[in-house]
Every structure is written in structure tokens, then in C-alpha cells.
Amino acid sequence: REDGGVYSPGLRDDAQDARNRLFSLLSEIPGKPSYTAIKQLIHEHPDPNYRPWMMKHAYKRAEEDGDLDPMTAEQVYEFNNSQIITPTTHRQLFDLTVNRLLDLKNWIEHGNDSTWKTWQRAEDEPEMRNLVANWLNLNYRNQYTTAQEPELANSQRMDIWMQNTNVRSPVPIELKLLDKGWSGPKLCERLCNQLVGGYLREATAGCGVMLLVWQGNIPEKRWTINGHRVGLNELVSALKDYWQSIACEYSGIEAIEVIVIDLTMRARVSDS
């Protein structure tokens, strides 16, 4: 000390040590609720000097939670033989769902045998839902099964859900045809209240997909999301930014993916 006296901790020092220890224990708990709580503490902490230290713990927590679920010995063997795994957790089923839908997007938009013209003639969402579910069923490789419009306890119906007998909760796919007059605020409302607030209420569920299809049967439009006007190419980023702006309010939701399939992409001809 400046006066040369011997340092002896007092009640304030003990209280600070206790606070630091509680924060460290919180930082060691895996999952989004811990990360959300840390972010809230950063915002509310009265001393700005502590916030960078707390931000480092929040980043470390997010980094560790971002790791893939560990594979079982059986999954490692299966992957070695076939380059695929059968999901055993909700997150693995979600990752598989996203990968399959990205495969579908790549085939429709770039494939030499793309049937984009057939998909473009679909008159409504039920018909498009049949096309998507049929493609998923044809490419399932014994990893999942699909169901269309299964009824939940509150009479809500998911468009498509992906399920596996090893996983308790299915992964919902919320399908929307962008040509059918869906505005930006309405897409945000469906993401928030229907996909997140409705389909992912089960405690063991936390991941879902919003699948948007642009048929191009009307002049290309723009959507207003969070006060910004965006086109088709920016729609995914805008909706993901919207989700990130409200994600802290849904601590049980682990991941939401937004995918746009553009059925006009394959018709374009290079003119370079």
C-alpha cells in the first residue's frame, strides 16, 4: 500500500472475489443461456473497466459452444465407410437438414438436370412443399424421414419436419413462396412467432430452418427488414441479422438457418 501498511483483504475484497468466482462459474456452463446471461451482465455492469474482460469470456463461451457435437465410435466408423453419419442429436439432425437443403439449392440453381421450370409452375405452397419433401425423401440415405404438416398439441402444423428415431425432437422447415406477397415484416413475424415461438417450444428442440423460394413469376421485389430495403440477394443476410437482434430473448434456441432458393438462377446465360 502507499502508506506502507500490510495489505489485508476486507469485506469488499471478499465480495469482489465472490463475484469473480460466480462469473467464472457462469462462464464455464455450456449453452446459449450462459452466453446470453454474460452479455446481459456486460451491458449492466456499472464499471466499464470490467467489460472487456467479460467480453473475452463471452467470446470464449461462444467459441466453445460453436464446436460440433462429438461423434460416437459408430458414427466415426459409418463416416469412414460412407462419408455420412446417422444423426443422434438434435443439432446433428439440424446440420444434416441444412446440408441437404443446400444440396437441393445447388442442384436447382446450377444442376445440368435441374427441373427449375417444373418447380416454377407450382401454384401454391402445398405443391412446393410436396416437391421439396419428395426431393428430401429421394436423398435421405437412411438418415432421416420427413413428414408434411404434422399437427402439434396447439393445432399448429409445421410445413415439413425432419425426424430420426435416434433424436427426440424433429427439425422444422418453415416454407414460404416469396412470390405470394410476403412482406419483410411478415417474414420476420413468421420467423419469430411461428418457427421460433411455435415450432421450437419443446425443451429438447432448438434448431429450425426458414426455406424461402423465389419463383420469379412476378417482377423482382424488395423487402423492408429492420428499416432497410433489401433485394433477393440480401434477403438471407437481412433475416439473419434480424434473428440475431432478437436471439437473446430466446435462450433455448440454439440455431436458426435461412435459405433462399432462386428458381430463375438456372435460366441465366453467361454473357462475359
Side-chain angles (χ1 to χ4, degrees), residues 94 96-140 144 146-150 156-162 171-196 198-199 207-226 228-243 256-272:
F94 167 75
L96 175 62
T97 299
V98 171
N99 288 334
R100 282 289 177 270
L101 290 174
L102 290 177
D103 289 341
L104 168 60
K105 172 181 170 67
N106 184 63
W107 171 67
I108 283 288
E109 294 182 350
H110 304 289
N112 288 337
D113 58 348
S114 169
T115 58
W116 64 272
K117 288 186 177 180
T118 301
W119 288 50
Q120 203 173 44
R121 290 193 291 268
E123 295 184 357
D124 51 31
E125 289 178 359
E127 187 174 357
M128 184 62 69
R129 186 176 64 240
N130 286 336
L131 291 171
V132 173
N134 176 67
W135 189 92
L136 291 171
N137 287 331
L138 290 175
N139 294 271
Y140 79 113
Y144 57 80
T146 66
Q148 296 187 51
E149 290 204 312
Q156 283 185 309
R157 294 180 180 273
M158 299 182 188
D159 285 325
I160 302 172
W161 76 1
M162 304 280 280
V171 172
I173 301 173
E174 175 63 14
L175 173 68
K176 291 288 179 280
L177 293 183
L178 294 173
D179 296 60
K180 299 302 182 182
W182 289 98
S183 66
K186 194 62 177 178
L187 289 174
C188 293
E189 187 274 331
R190 292 291 83 187
L191 187 156
C192 176
N193 293 328
Q194 190 169 31
L195 179 59
V196 174
Y199 301 161
C207 304
V209 180
M210 173 170 267
L211 178 63
L212 308 175
V213 180
W214 172 252
Q215 293 175 286
N217 295 326
I218 61 174
E220 186 166 333
K221 59 184 292 185
R222 299 181 72 82
W223 295 265
T224 301
I225 297 177
N226 275 353
H228 300 285
R229 296 276 289 175
V230 299
L232 188 66
N233 292 334
E234 301 89 29
L235 185 57
V236 167
S237 296
L239 285 171
K240 286 185 176 180
D241 288 345
Y242 165 74
W243 163 243
I256 295 295
E257 184 62 51
V258 180
I259 297 173
V260 171
I261 297 178
D262 182 0
L263 296 182
T264 69
M265 180 76 72
R266 193 63 182 91
R268 299 172 191 172
V269 178
S270 175
D271 59 359
S272 60

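All of these numbers come straight from a predicted model, not from anything done at the bench.
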Worked verdict on Ile173 versus Trp161 for side chain to side chain contact (heavy atoms under 4.5 Å, CB included): CA-CA 6 Å; Ile173 301 173; Trp161 76 1; over 6 Å; no

Val196 and Trp243: CA distance, side-chain angles, deciding distance, side chain to side chain contact (heavy atoms under 4.5 Å, CB included) verdict: CA-CA 10 Å; Val196 174; Trp243 163 243; 3.8 Å; yes

Sidechain-backbone polar pair: Arg129 side chain, Leu175 backbone, donor-acceptor under 3.5 Å: no

Donor-acceptor under 3.5 Å (Gln215 side chain, Ala122 main chain): yes

What closest approach, in Å, do [X] and [Y] show between heavy atoms, and which atom pair accounts for it?
X	Y	value
Gly231	Trp223	C-CZ3, 3.9 Å
Gln156	Tyr199	CB-CE2, 4.2 Å
Gln120	Asn217	O-ND2, 3.2 Å
Thr224	Pro185	O-CD, 3.3 Å
Leu263	Met128	CD1-CE, 4.1 Å
Asp159	Glu174	OD2-OE1, 3.2 Å

Does any part of the side chain of [Y], heavy atoms only, come nearer than 4.5 Å to the side chain of [X], both counted from C-beta?
X	Y	result
Val236	Leu212	no
Asp103	Asn139	no
Val171	Val98	no
Val260	Asn233	no
Lys186	Lys176	no
Arg100	Val209	no
Asn134	Leu138	yes

Partners meeting side chain to side chain contact (heavy atoms under 4.5 Å, CB included) with Ser237 (sequence neighbours left out): none

Sequence-distant partners of Arg266, side chain to side chain contact (heavy atoms under 4.5 Å, CB included), two or more places apart: Asn112, Ser114, Trp116

Rounded to the nearest 0.5 Å, what's the gap from [atom1] on [X] to [atom2] on [Y]? Could you check?
X	Y	atom1	atom2	value
Leu104	Trp135	CG	CH2	5.0 Å
Leu239	Asn226	CG	CG	9.0 Å
Leu131	Thr115	CG	OG1	7.5 Å
Thr97	Tyr144	OG1	OH	8.0 Å
Leu211	Ile261	CG	CD1	4.5 Å
Asn137	Gln148	CG	CD	8.0 Å

Derivation and outcome, side chain to side chain contact (heavy atoms under 4.5 Å, CB included), residues Leu187 and Leu178: CA-CA 9 Å; Leu187 289 174; Leu178 294 173; 3.9 Å; yes

Residue pairs passing the salt bridge (Lys or Arg N to Asp or Glu O under 4.0 Å) test where at least one lies in residues 108-125, sequence neighbours excluded: Lys105-Glu109

Met162 and Leu101: CA distance, side-chain angles, deciding distance, side chain to side chain contact (heavy atoms under 4.5 Å, CB included) verdict: CA-CA 11 Å; Met162 304 280 280; Leu101 290 174; over 6 Å; no

